[in-house]
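Labels below follow one simple rule: chain letters A, B, ... track the order of the sequence lines, proteins then strands, and each chain is numbered from 1. What you see below is based on every heavy atom in this structure, not just the backbone, and it leaves out hydrogens, waters and symmetry mates.
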There are 2 protein chains.
Amino acid sequence: MSANRPRASYHHGSLRETLVRACLELIRAEGIGAVSLRRVAREAGVSPGAPYHHFPDRAALLTAIAGEGFAMLEERLVDARAAAPSPSAALTALTETYVRFAHEQPAYFHLMFRPELAHPDKDEAAKEAADRSFQVLCDTVADCQRAGDVPAGDPGPLVTALWALAHGLASLWVDGPLDGRAKGFAGSTEALVAQVAQGVAAVLAGAARAGVRLGP
Amino acid sequence: MSANRPRASYHHGSLRETLVRACLELIRAEGIGAVSLRRVAREAGVSPGAPYHHFPDRAALLTAIAGEGFAMLEERLVDARAAAPSPSAALTALTETYVRFAHEQPAYFHLMFRPELAHPDKDEAAKEAADRSFQVLCDTVADCQRAGDVPAGDPGPLVTALWALAHGLASLWVDGPLDGRAKGFAGSTEALVAQVAQGVAAVLAGAARAGVRLGP
DNA sequence: TGACAGGTCTATGCGGCGCTTAGATTCTGA
DNA sequence: TCAGAATCTAAGCGCCGCATAGACCTGTCA
(Lines give C-alpha, C1' and ligand atoms only; values in the text may rest on other atoms or scores of the structure.)
Protein backbone atom coordinates (compact mmCIF):
# COMPACT_ATOMS: atom_id res chain seq x y z
CA MET A 1 0.00 0.00 0.00
CA SER A 2 0.99 3.61 0.39
CA ALA A 3 3.21 3.21 3.43
CA ASN A 4 6.07 5.14 1.83
CA ARG A 5 4.10 7.78 0.01
CA PRO A 6 3.34 10.60 2.51
CA ARG A 7 -0.14 12.03 2.43
CA ALA A 8 -0.80 15.47 0.95
CA SER A 9 -2.88 16.62 3.90
CA TYR A 10 -2.96 15.94 7.61
CA HIS A 11 -6.40 14.37 7.33
CA HIS A 12 -6.51 11.24 5.24
CA GLY A 13 -9.88 11.76 3.63
CA SER A 14 -11.03 8.16 3.32
CA LEU A 15 -9.05 6.31 5.94
CA ARG A 16 -11.85 3.97 6.89
CA GLU A 17 -12.16 2.62 3.37
CA THR A 18 -8.37 2.51 2.98
CA LEU A 19 -8.04 0.45 6.16
CA VAL A 20 -10.63 -2.05 4.96
CA ARG A 21 -8.83 -2.47 1.62
CA ALA A 22 -5.42 -2.75 3.27
CA CYS A 23 -6.74 -5.36 5.65
CA LEU A 24 -8.19 -7.45 2.84
CA GLU A 25 -4.96 -7.22 0.88
CA LEU A 26 -3.00 -8.25 3.95
CA ILE A 27 -5.17 -11.31 4.54
CA ARG A 28 -4.90 -12.21 0.88
CA ALA A 29 -1.12 -11.89 0.86
CA GLU A 30 -0.14 -13.31 4.27
CA GLY A 31 -3.21 -14.90 5.76
CA ILE A 32 -5.44 -14.13 8.70
CA GLY A 33 -2.59 -14.65 11.13
CA ALA A 34 -0.76 -11.59 9.82
CA VAL A 35 -3.60 -9.18 10.52
CA SER A 36 -2.97 -6.65 13.25
CA LEU A 37 -4.41 -3.17 13.52
CA ARG A 38 -0.91 -1.72 13.78
CA ARG A 39 0.16 -3.52 10.63
CA VAL A 40 -2.95 -2.45 8.75
CA ALA A 41 -2.33 1.14 9.85
CA ARG A 42 1.27 0.90 8.66
CA GLU A 43 0.17 -0.40 5.27
CA ALA A 44 -2.29 2.47 5.05
CA GLY A 45 0.45 4.95 5.93
CA VAL A 46 -1.02 6.27 9.18
CA SER A 47 -0.02 6.10 12.83
CA PRO A 48 -0.88 3.05 14.95
CA GLY A 49 -3.64 4.90 16.79
CA ALA A 50 -5.42 6.28 13.75
CA PRO A 51 -7.70 3.27 13.09
CA TYR A 52 -9.29 3.72 16.52
CA HIS A 53 -11.02 6.87 15.28
CA HIS A 54 -12.91 4.73 12.76
CA PHE A 55 -13.31 1.40 14.55
CA PRO A 56 -13.69 0.91 18.31
CA ASP A 57 -11.44 -2.15 18.18
CA ARG A 58 -9.86 -4.70 15.92
CA ALA A 59 -12.95 -6.92 15.86
CA ALA A 60 -15.03 -4.00 14.58
CA LEU A 61 -12.82 -3.58 11.53
CA LEU A 62 -13.01 -7.29 10.82
CA THR A 63 -16.77 -7.30 11.43
CA ALA A 64 -17.23 -4.50 8.91
CA ILE A 65 -15.40 -6.60 6.34
CA ALA A 66 -17.47 -9.65 7.25
CA GLY A 67 -20.61 -7.60 6.65
CA GLU A 68 -19.35 -6.72 3.19
CA GLY A 69 -18.77 -10.42 2.63
CA PHE A 70 -22.32 -11.36 3.51
CA ALA A 71 -23.61 -8.71 1.12
CA MET A 72 -21.38 -10.03 -1.67
CA LEU A 73 -22.43 -13.61 -1.03
CA GLU A 74 -26.12 -12.67 -1.05
CA GLU A 75 -25.73 -10.91 -4.38
CA ARG A 76 -23.99 -13.89 -5.94
CA LEU A 77 -26.58 -16.34 -4.64
CA VAL A 78 -29.48 -14.22 -5.88
CA ASP A 79 -27.86 -13.94 -9.31
CA ALA A 80 -27.10 -17.66 -9.46
CA ARG A 81 -30.68 -18.56 -8.66
CA ALA A 82 -32.05 -16.08 -11.16
CA ALA A 83 -29.81 -17.37 -13.94
CA ALA A 84 -30.67 -21.03 -13.45
CA PRO A 85 -33.06 -22.61 -15.99
CA SER A 86 -34.85 -24.79 -13.43
CA PRO A 87 -35.34 -25.12 -9.66
CA SER A 88 -33.09 -28.17 -9.62
CA ALA A 89 -30.37 -26.36 -11.57
CA ALA A 90 -30.73 -23.44 -9.17
CA LEU A 91 -30.02 -25.74 -6.24
CA THR A 92 -26.85 -26.99 -7.89
CA ALA A 93 -25.85 -23.44 -8.76
CA LEU A 94 -26.34 -22.25 -5.17
CA THR A 95 -23.96 -24.89 -3.85
CA GLU A 96 -21.36 -24.17 -6.49
CA THR A 97 -21.69 -20.42 -5.98
CA TYR A 98 -21.28 -20.68 -2.20
CA VAL A 99 -18.20 -22.85 -2.51
CA ARG A 100 -16.69 -20.75 -5.29
CA PHE A 101 -17.21 -17.59 -3.26
CA ALA A 102 -15.32 -19.09 -0.34
CA HIS A 103 -12.51 -20.24 -2.60
CA GLU A 104 -12.19 -16.94 -4.45
CA GLN A 105 -12.59 -14.76 -1.36
CA PRO A 106 -11.15 -16.74 1.54
CA ALA A 107 -10.48 -13.54 3.46
CA TYR A 108 -14.17 -12.64 3.51
CA PHE A 109 -15.19 -16.22 4.14
CA HIS A 110 -12.93 -16.56 7.18
CA LEU A 111 -14.15 -13.33 8.73
CA MET A 112 -17.79 -14.27 8.13
CA PHE A 113 -17.59 -17.50 10.12
CA ARG A 114 -14.88 -17.18 12.79
CA PRO A 115 -16.28 -15.81 16.03
CA GLU A 116 -12.79 -15.30 17.45
CA LEU A 117 -12.08 -12.78 14.67
CA ALA A 118 -15.30 -10.91 13.92
CA HIS A 119 -18.86 -10.72 15.22
CA PRO A 120 -21.16 -10.28 12.24
CA ASP A 121 -24.02 -11.60 14.38
CA LYS A 122 -23.87 -8.28 16.22
CA ASP A 123 -24.01 -6.25 13.03
CA GLU A 124 -27.54 -5.53 11.80
CA ALA A 125 -26.66 -5.15 8.12
CA ALA A 126 -24.59 -8.33 8.12
CA LYS A 127 -27.31 -10.27 9.91
CA GLU A 128 -29.93 -9.15 7.43
CA ALA A 129 -27.78 -10.06 4.43
CA ALA A 130 -27.14 -13.48 5.99
CA ASP A 131 -30.88 -13.95 6.58
CA ARG A 132 -31.69 -13.02 3.01
CA SER A 133 -29.02 -15.44 1.72
CA PHE A 134 -30.56 -18.20 3.80
CA GLN A 135 -33.98 -17.29 2.47
CA VAL A 136 -32.72 -17.70 -1.09
CA LEU A 137 -31.87 -21.30 -0.25
CA CYS A 138 -35.22 -21.86 1.47
CA ASP A 139 -37.13 -20.43 -1.50
CA THR A 140 -35.18 -22.53 -3.97
CA VAL A 141 -35.86 -25.69 -1.99
CA ALA A 142 -39.56 -24.80 -1.93
CA ASP A 143 -39.47 -24.35 -5.72
CA CYS A 144 -37.85 -27.75 -6.06
CA GLN A 145 -40.45 -29.37 -3.86
CA ARG A 146 -43.27 -27.84 -5.93
CA ALA A 147 -41.58 -29.09 -9.10
CA GLY A 148 -41.12 -32.56 -7.62
CA ASP A 149 -37.34 -32.32 -7.99
CA VAL A 150 -36.68 -33.10 -4.33
CA PRO A 151 -38.57 -35.15 -1.74
CA ALA A 152 -41.66 -33.57 -0.23
CA GLY A 153 -42.20 -33.05 3.47
CA ASP A 154 -40.46 -30.96 6.11
CA PRO A 155 -37.93 -28.74 4.30
CA GLY A 156 -35.95 -28.02 7.49
CA PRO A 157 -33.52 -30.96 7.40
CA LEU A 158 -33.06 -30.60 3.65
CA VAL A 159 -32.25 -26.90 3.80
CA THR A 160 -29.88 -27.53 6.70
CA ALA A 161 -28.17 -30.37 4.88
CA LEU A 162 -27.66 -28.30 1.74
CA TRP A 163 -26.25 -25.38 3.70
CA ALA A 164 -23.97 -27.66 5.68
CA LEU A 165 -22.84 -29.45 2.55
CA ALA A 166 -21.85 -26.22 0.83
CA HIS A 167 -20.28 -24.83 4.00
CA GLY A 168 -18.36 -28.04 4.59
CA LEU A 169 -17.01 -28.15 1.05
CA ALA A 170 -16.05 -24.50 1.31
CA SER A 171 -14.35 -24.87 4.70
CA LEU A 172 -12.48 -28.04 3.81
CA TRP A 173 -11.29 -26.50 0.57
CA VAL A 174 -10.26 -23.13 1.96
CA ASP A 175 -8.55 -24.62 5.02
CA GLY A 176 -6.66 -27.25 3.07
CA PRO A 177 -7.79 -30.80 3.87
CA LEU A 178 -9.92 -31.30 0.78
CA ASP A 179 -7.31 -30.58 -1.89
CA GLY A 180 -5.22 -33.67 -1.23
CA ARG A 181 -8.15 -36.09 -1.28
CA ALA A 182 -9.79 -34.42 -4.28
CA LYS A 183 -6.83 -35.17 -6.55
CA GLY A 184 -7.41 -38.89 -6.14
CA PHE A 185 -11.11 -38.54 -6.85
CA ALA A 186 -11.68 -36.08 -9.65
CA GLY A 187 -8.32 -34.65 -10.62
CA SER A 188 -9.08 -31.21 -9.23
CA THR A 189 -11.10 -29.81 -6.36
CA GLU A 190 -13.13 -27.65 -8.75
CA ALA A 191 -14.19 -30.73 -10.67
CA LEU A 192 -15.01 -32.63 -7.50
CA VAL A 193 -17.18 -29.81 -6.19
CA ALA A 194 -19.09 -29.75 -9.46
CA GLN A 195 -19.58 -33.52 -9.33
CA VAL A 196 -20.84 -33.30 -5.76
CA ALA A 197 -23.26 -30.47 -6.49
CA GLN A 198 -24.69 -32.27 -9.51
CA GLY A 199 -24.74 -35.61 -7.72
CA VAL A 200 -26.77 -34.15 -4.88
CA ALA A 201 -29.42 -32.87 -7.29
CA ALA A 202 -29.54 -36.26 -9.02
CA VAL A 203 -29.85 -38.14 -5.73
CA LEU A 204 -32.60 -35.81 -4.48
CA ALA A 205 -34.51 -36.20 -7.75
CA GLY A 206 -34.18 -39.97 -7.56
CA ALA A 207 -35.39 -40.03 -3.97
CA ALA A 208 -38.38 -37.88 -4.97
CA ARG A 209 -39.22 -40.34 -7.74
CA ALA A 210 -38.94 -43.19 -5.26
CA GLY A 211 -41.50 -41.47 -3.05
CA VAL A 212 -39.20 -40.62 -0.15
CA ARG A 213 -40.83 -38.14 2.20
CA LEU A 214 -38.85 -35.95 4.58
CA GLY A 215 -39.99 -35.31 8.09
CA PRO A 216 -39.63 -35.70 11.78
CA MET B 1 -4.76 -25.08 37.38
CA SER B 2 -1.85 -25.18 39.81
CA ALA B 3 -0.66 -21.63 39.29
CA ASN B 4 -0.68 -20.89 43.02
CA ARG B 5 0.51 -24.21 44.33
CA PRO B 6 4.33 -24.24 44.15
CA ARG B 7 5.92 -27.40 42.83
CA ALA B 8 7.72 -29.75 45.19
CA SER B 9 10.82 -29.99 43.02
CA TYR B 10 12.62 -27.75 40.59
CA HIS B 11 11.86 -30.09 37.73
CA HIS B 12 8.21 -30.45 36.97
CA GLY B 13 8.20 -34.11 36.00
CA SER B 14 5.45 -34.06 33.41
CA LEU B 15 5.32 -30.51 32.19
CA ARG B 16 4.59 -31.42 28.61
CA GLU B 17 1.42 -33.25 29.54
CA THR B 18 0.46 -30.54 32.02
CA LEU B 19 0.81 -27.87 29.34
CA VAL B 20 -1.42 -29.80 26.96
CA ARG B 21 -4.11 -30.17 29.64
CA ALA B 22 -3.86 -26.54 30.70
CA CYS B 23 -4.15 -25.43 27.09
CA LEU B 24 -7.28 -27.52 26.54
CA GLU B 25 -8.83 -26.22 29.72
CA LEU B 26 -8.02 -22.65 28.69
CA ILE B 27 -9.66 -23.07 25.29
CA ARG B 28 -12.68 -24.67 26.94
CA ALA B 29 -13.04 -21.87 29.46
CA GLU B 30 -12.17 -18.77 27.42
CA GLY B 31 -11.97 -19.82 23.80
CA ILE B 32 -9.20 -20.10 21.27
CA GLY B 33 -8.54 -16.38 21.41
CA ALA B 34 -7.31 -16.62 25.00
CA VAL B 35 -4.57 -19.13 24.24
CA SER B 36 -1.04 -17.84 24.57
CA LEU B 37 2.02 -19.83 25.53
CA ARG B 38 2.72 -17.42 28.38
CA ARG B 39 -0.79 -17.82 29.70
CA VAL B 40 -0.63 -21.61 29.43
CA ALA B 41 2.70 -21.57 31.26
CA ARG B 42 1.17 -19.41 34.00
CA GLU B 43 -1.75 -21.79 34.40
CA ALA B 44 0.69 -24.66 34.62
CA GLY B 45 2.69 -22.79 37.26
CA VAL B 46 5.97 -22.46 35.35
CA SER B 47 7.96 -19.59 33.91
CA PRO B 48 7.07 -18.14 30.50
CA GLY B 49 10.09 -19.76 28.84
CA ALA B 50 9.53 -23.28 30.17
CA PRO B 51 7.21 -24.51 27.40
CA TYR B 52 9.92 -23.91 24.81
CA HIS B 53 11.88 -26.85 26.21
CA HIS B 54 9.00 -29.13 25.19
CA PHE B 55 7.62 -27.44 22.07
CA PRO B 56 9.64 -25.45 19.52
CA ASP B 57 6.87 -22.88 19.25
CA ARG B 58 3.25 -22.19 20.00
CA ALA B 59 2.01 -23.94 16.86
CA ALA B 60 3.80 -27.14 17.92
CA LEU B 61 1.86 -27.30 21.18
CA LEU B 62 -1.40 -26.75 19.33
CA THR B 63 -0.40 -29.29 16.68
CA ALA B 64 0.23 -31.91 19.34
CA ILE B 65 -3.27 -31.34 20.68
CA ALA B 66 -4.70 -31.51 17.16
CA GLY B 67 -2.98 -34.88 16.73
CA GLU B 68 -4.66 -36.14 19.88
CA GLY B 69 -7.94 -34.91 18.45
CA PHE B 70 -7.53 -36.88 15.23
CA ALA B 71 -6.78 -40.00 17.25
CA MET B 72 -9.87 -39.48 19.41
CA LEU B 73 -12.06 -38.86 16.37
CA GLU B 74 -10.76 -41.98 14.65
CA GLU B 75 -11.52 -44.11 17.69
CA ARG B 76 -15.05 -42.76 17.94
CA LEU B 77 -15.72 -43.30 14.24
CA VAL B 78 -14.38 -46.87 14.34
CA ASP B 79 -16.55 -47.63 17.36
CA ALA B 80 -19.63 -46.04 15.82
CA ARG B 81 -19.26 -48.08 12.66
CA ALA B 82 -18.67 -51.30 14.58
CA ALA B 83 -21.74 -50.77 16.77
CA ALA B 84 -24.11 -50.08 13.89
CA PRO B 85 -26.50 -52.90 12.92
CA SER B 86 -26.33 -52.19 9.18
CA PRO B 87 -24.19 -50.33 6.63
CA SER B 88 -26.86 -47.68 6.27
CA ALA B 89 -27.10 -47.22 10.04
CA ALA B 90 -23.32 -46.99 10.15
CA LEU B 91 -23.40 -44.11 7.69
CA THR B 92 -25.89 -42.24 9.84
CA ALA B 93 -23.85 -42.99 12.93
CA LEU B 94 -20.64 -41.68 11.35
CA THR B 95 -22.25 -38.33 10.60
CA GLU B 96 -23.73 -38.04 14.05
CA THR B 97 -20.47 -39.09 15.69
CA TYR B 98 -18.41 -36.58 13.72
CA VAL B 99 -20.77 -33.73 14.57
CA ARG B 100 -21.11 -34.75 18.20
CA PHE B 101 -17.35 -34.93 18.57
CA ALA B 102 -17.00 -31.39 17.29
CA HIS B 103 -19.72 -30.15 19.61
CA GLU B 104 -18.38 -31.92 22.68
CA GLN B 105 -14.73 -31.13 21.97
CA PRO B 106 -14.70 -27.79 20.17
CA ALA B 107 -11.15 -27.12 21.34
CA TYR B 108 -9.85 -30.20 19.55
CA PHE B 109 -12.04 -29.58 16.53
CA HIS B 110 -10.78 -26.02 16.08
CA LEU B 111 -7.15 -27.03 16.32
CA MET B 112 -7.65 -29.90 13.87
CA PHE B 113 -8.94 -27.67 11.08
CA ARG B 114 -7.49 -24.17 11.48
CA PRO B 115 -4.21 -23.80 9.63
CA GLU B 116 -3.46 -20.46 11.31
CA LEU B 117 -3.38 -22.24 14.68
CA ALA B 118 -1.88 -25.68 14.18
CA HIS B 119 -0.37 -27.74 11.38
CA PRO B 120 -1.50 -31.36 11.83
CA ASP B 121 -0.74 -31.94 8.13
CA LYS B 122 2.94 -31.76 9.10
CA ASP B 123 2.54 -34.29 11.91
CA GLU B 124 2.90 -37.90 10.80
CA ALA B 125 0.77 -39.42 13.56
CA ALA B 126 -2.00 -36.91 13.04
CA LYS B 127 -1.96 -37.40 9.29
CA GLU B 128 -2.21 -41.16 9.66
CA ALA B 129 -5.11 -40.93 12.09
CA ALA B 130 -6.88 -38.56 9.69
CA ASP B 131 -6.27 -40.96 6.81
CA ARG B 132 -7.64 -43.87 8.80
CA SER B 133 -10.72 -41.84 9.75
CA PHE B 134 -11.32 -41.04 6.12
CA GLN B 135 -10.88 -44.70 5.26
CA VAL B 136 -13.60 -45.62 7.74
CA LEU B 137 -15.98 -43.44 5.78
CA CYS B 138 -14.82 -44.90 2.45
CA ASP B 139 -15.25 -48.46 3.72
CA THR B 140 -18.70 -47.74 5.08
CA VAL B 141 -19.81 -46.22 1.80
CA ALA B 142 -18.49 -49.30 -0.01
CA ASP B 143 -20.49 -51.50 2.38
CA CYS B 144 -23.59 -49.47 1.62
CA GLN B 145 -23.06 -49.75 -2.10
CA ARG B 146 -22.72 -53.55 -1.84
CA ALA B 147 -25.90 -53.67 0.22
CA GLY B 148 -27.73 -51.46 -2.27
CA ASP B 149 -28.39 -48.82 0.41
CA VAL B 150 -26.83 -45.99 -1.62
CA PRO B 151 -26.51 -45.39 -5.36
CA ALA B 152 -23.89 -47.39 -7.21
CA GLY B 153 -21.09 -45.87 -9.27
CA ASP B 154 -18.14 -43.63 -8.45
CA PRO B 155 -17.96 -43.36 -4.66
CA GLY B 156 -15.75 -40.23 -4.78
CA PRO B 157 -18.45 -37.56 -4.89
CA LEU B 158 -20.54 -39.42 -2.35
CA VAL B 159 -17.74 -39.81 0.15
CA THR B 160 -16.81 -36.16 -0.32
CA ALA B 161 -20.41 -35.04 0.13
CA LEU B 162 -20.83 -37.02 3.33
CA TRP B 163 -17.59 -35.69 4.77
CA ALA B 164 -18.49 -32.13 3.81
CA LEU B 165 -21.98 -32.51 5.20
CA ALA B 166 -20.72 -33.66 8.58
CA HIS B 167 -17.95 -31.07 8.61
CA GLY B 168 -20.34 -28.31 7.66
CA LEU B 169 -22.84 -29.25 10.36
CA ALA B 170 -20.01 -29.43 12.86
CA SER B 171 -18.48 -26.09 11.86
CA LEU B 172 -21.77 -24.22 11.71
CA TRP B 173 -22.79 -25.59 15.08
CA VAL B 174 -19.49 -24.99 16.86
CA ASP B 175 -19.02 -21.51 15.41
CA GLY B 176 -22.55 -20.38 16.14
CA PRO B 177 -24.61 -19.76 13.01
CA LEU B 178 -26.56 -23.01 13.10
CA ASP B 179 -28.08 -22.72 16.57
CA GLY B 180 -30.38 -19.82 15.74
CA ARG B 181 -31.80 -21.40 12.60
CA ALA B 182 -32.12 -24.86 14.17
CA LYS B 183 -34.57 -23.63 16.83
CA GLY B 184 -37.08 -22.77 14.14
CA PHE B 185 -36.65 -26.12 12.44
CA ALA B 186 -36.40 -28.88 15.01
CA GLY B 187 -36.42 -27.24 18.44
CA SER B 188 -32.80 -28.05 19.14
CA THR B 189 -29.64 -28.40 17.13
CA GLU B 190 -29.11 -31.94 18.39
CA ALA B 191 -32.51 -32.96 17.05
CA LEU B 192 -31.90 -31.23 13.74
CA VAL B 193 -28.57 -32.99 13.28
CA ALA B 194 -30.22 -36.34 13.93
CA GLN B 195 -32.96 -35.53 11.42
CA VAL B 196 -30.40 -34.55 8.82
CA ALA B 197 -28.29 -37.65 9.33
CA GLN B 198 -31.30 -39.94 9.07
CA GLY B 199 -32.77 -37.99 6.17
CA VAL B 200 -29.56 -38.38 4.21
CA ALA B 201 -29.66 -42.15 4.61
CA ALA B 202 -33.30 -42.23 3.56
CA VAL B 203 -32.68 -40.06 0.51
CA LEU B 204 -29.69 -42.15 -0.55
CA ALA B 205 -31.68 -45.35 -0.17
CA GLY B 206 -34.52 -43.89 -2.20
CA ALA B 207 -32.16 -42.77 -4.94
CA ALA B 208 -30.65 -46.27 -5.04
CA ARG B 209 -34.12 -47.77 -5.42
CA ALA B 210 -34.84 -45.31 -8.22
CA GLY B 211 -31.74 -46.54 -10.04
CA VAL B 212 -29.65 -43.38 -9.71
CA ARG B 213 -26.04 -44.02 -10.61
CA LEU B 214 -23.18 -41.80 -9.45
CA GLY B 215 -20.34 -40.90 -11.71
CA PRO B 216 -18.45 -38.42 -13.76
C1' DT C 1 31.53 -41.41 46.23
C1' DG C 2 32.01 -37.66 43.35
C1' DA C 3 32.62 -35.17 38.99
C1' DC C 4 30.29 -33.98 35.12
C1' DA C 5 27.11 -33.95 31.09
C1' DG C 6 22.70 -33.17 29.66
C1' DG C 7 18.07 -32.22 30.43
C1' DT C 8 14.91 -28.96 32.63
C1' DC C 9 13.68 -24.72 34.38
C1' DT C 10 14.23 -19.37 35.46
C1' DA C 11 15.56 -14.65 34.30
C1' DT C 12 15.97 -11.22 31.17
C1' DG C 13 15.40 -8.84 26.96
C1' DC C 14 13.74 -7.78 22.09
C1' DG C 15 10.25 -6.08 19.04
C1' DG C 16 5.37 -6.26 18.13
C1' DC C 17 0.66 -6.35 19.70
C1' DG C 18 -4.24 -4.04 21.29
C1' DC C 19 -5.76 -0.29 23.33
C1' DT C 20 -5.75 4.30 26.08
C1' DT C 21 -4.75 9.05 26.83
C1' DA C 22 -3.18 13.64 25.76
C1' DG C 23 -2.31 16.85 22.53
C1' DA C 24 -1.68 18.67 17.62
C1' DT C 25 -3.92 19.69 13.30
C1' DT C 26 -7.59 20.43 10.15
C1' DC C 27 -12.36 20.91 8.87
C1' DT C 28 -17.15 22.72 9.53
C1' DG C 29 -20.92 25.54 10.22
C1' DA C 30 -23.07 29.12 13.05
C1' DT D 1 -14.44 34.63 11.85
C1' DC D 2 -13.84 31.52 15.09
C1' DA D 3 -15.27 27.90 18.42
C1' DG D 4 -16.11 23.16 18.52
C1' DA D 5 -16.01 18.77 16.28
C1' DA D 6 -13.51 15.51 13.67
C1' DT D 7 -9.27 13.49 12.59
C1' DC D 8 -4.72 12.44 13.27
C1' DT D 9 0.08 11.80 16.01
C1' DA D 10 2.86 10.66 20.08
C1' DA D 11 3.64 8.26 24.00
C1' DG D 12 2.76 4.68 27.18
C1' DC D 13 0.61 0.37 29.52
C1' DG D 14 0.69 -4.56 29.93
C1' DC D 15 0.51 -8.37 27.09
C1' DC D 16 2.47 -11.45 23.53
C1' DG D 17 6.10 -14.98 20.95
C1' DC D 18 10.49 -16.11 21.03
C1' DA D 19 15.82 -16.00 21.92
C1' DT D 20 19.63 -16.20 25.05
C1' DA D 21 22.20 -16.99 29.20
C1' DG D 22 22.57 -19.02 33.30
C1' DA D 23 20.72 -21.80 37.54
C1' DC D 24 19.34 -26.15 39.06
C1' DC D 25 18.59 -31.13 39.19
C1' DT D 26 19.45 -35.95 37.91
C1' DG D 27 21.45 -39.92 35.84
C1' DT D 28 25.90 -41.94 34.58
C1' DC D 29 30.32 -43.60 34.90
C1' DA D 30 34.98 -43.57 36.77
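Counting only residues at least two apart or in different chains, side-chain hydrogen bond (donor to acceptor under 3.5 Å, both in side chains) contacts with residues 87-96 of chain A are absent.
In this structure, A:L19 atom CG and C:dG18 atom P are separated by 12 Å, rounded to whole Å. Atom OH in A:Y52 sits roughly 5 Å away from atom C1' in C:dC19 (whole-Å rounding). Regarding A:L15, its CG atom lies at a distance of 15 Å from the P atom of C:dC27, rounded to whole Å. In this structure, CG of A:D57 is placed 14 Å from C1' of C:dC17, rounded to the nearest angstrom. Straight-line distance from the CG atom of A:L61 to the P atom of C:dC19: 11 Å, rounded to whole Å. Atom-to-atom, CZ of B:R16 to P of C:dG7 comes out at 16 Å; the value is rounded to the nearest Å. Residue A:H53 contributes atom NE2, which lies 16 Å from atom P of D:dA5 at whole-angstrom precision.
Considering only residues two or more places apart in sequence or on other chains, A:E104 meets the side-chain hydrogen bond (donor to acceptor under 3.5 Å, both in side chains) condition with A:R76. Under the ring pair (Phe, Tyr, Trp, His ring centres under 6.0 Å) criterion, B:F109 pairs with B:F113, B:H167, sequence neighbours left out. Qualifying side-chain hydrogen bond (donor to acceptor under 3.5 Å, both in side chains) partners for B:D175, counting only residues two or more places apart in sequence or in other chains: B:H110, B:R114. Residues meeting the side-chain hydrogen bond (donor to acceptor under 3.5 Å, both in side chains) test with A:E75, sequence neighbours left out: none. Shown here are the ring pair (Phe, Tyr, Trp, His ring centres under 6.0 Å) partners of B:H103, two or more places apart in sequence or in another chain: B:W173. Residues meeting the salt bridge (Lys or Arg N to Asp or Glu O under 4.0 Å) test with B:R28, sequence neighbours left out: B:E25.
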*Just the dot-bracket of DNA chain D, please: which string comes out with Watson-Crick or G-U pairs under 3.5 Å, [ ] for crossing, | for another strand?*
||||||||||||||||||||||||||||||

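At distances below 3.5 Å, not a single donor-acceptor pair connects side-chain atoms of A:E116 with backbone N or O atoms of B:G31. Checking side-chain atoms of A:R58 against main-chain N and O of A:V35 turns up a donor-acceptor pair under 3.5 Å.
Taking only side-chain atoms of A:H54, from C-beta outward, the nucleotide of C:dT20, D:dC8, D:dG17 with the closest atom is D:dC8.
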Pairs: protein N or O with nucleotides 12-16 of chain D N or O, under 3.5 Å:
residue, atom, partner, partner atom, Å
D:dC16, OP1, B:S36, OG, 2.9
D:dC16, OP1, B:R42, NH2, 3.3
D:dC16, OP2, B:R42, NH2, 2.6

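Across residues 113-122 of chain B, not one residue has a non-hydrogen atom less than 4.0 Å from an atom of DNA chain D.
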Acceptor/donor pairs from residues 60-68 of chain B side chains to any protein atom, 3.5 angstrom cut, sequence neighbours excluded:
residue, atom, partner, partner atom, Å
B:T63, OG1, B:A59, O, 2.7
B:T63, OG1, B:H119, N, 2.9
B:E68, OE1, B:R21, NH2, 3.4
B:E68, OE1, B:Y108, OH, 2.6
B:E68, OE2, B:R21, NH2, 2.8

Please report, to 0.1 Å, the donor-acceptor pairs under 3.5 Å made by any side chain of residues 180-194 of chain A, with sequence neighbours excluded.
residue, atom, partner, partner atom, Å
A:R181, NH1, B:D131, OD1, 2.9
A:R181, NH2, B:D131, OD1, 3.2
A:S188, OG, A:A191, N, 3.1
A:T189, OG1, A:D179, OD1, 2.4

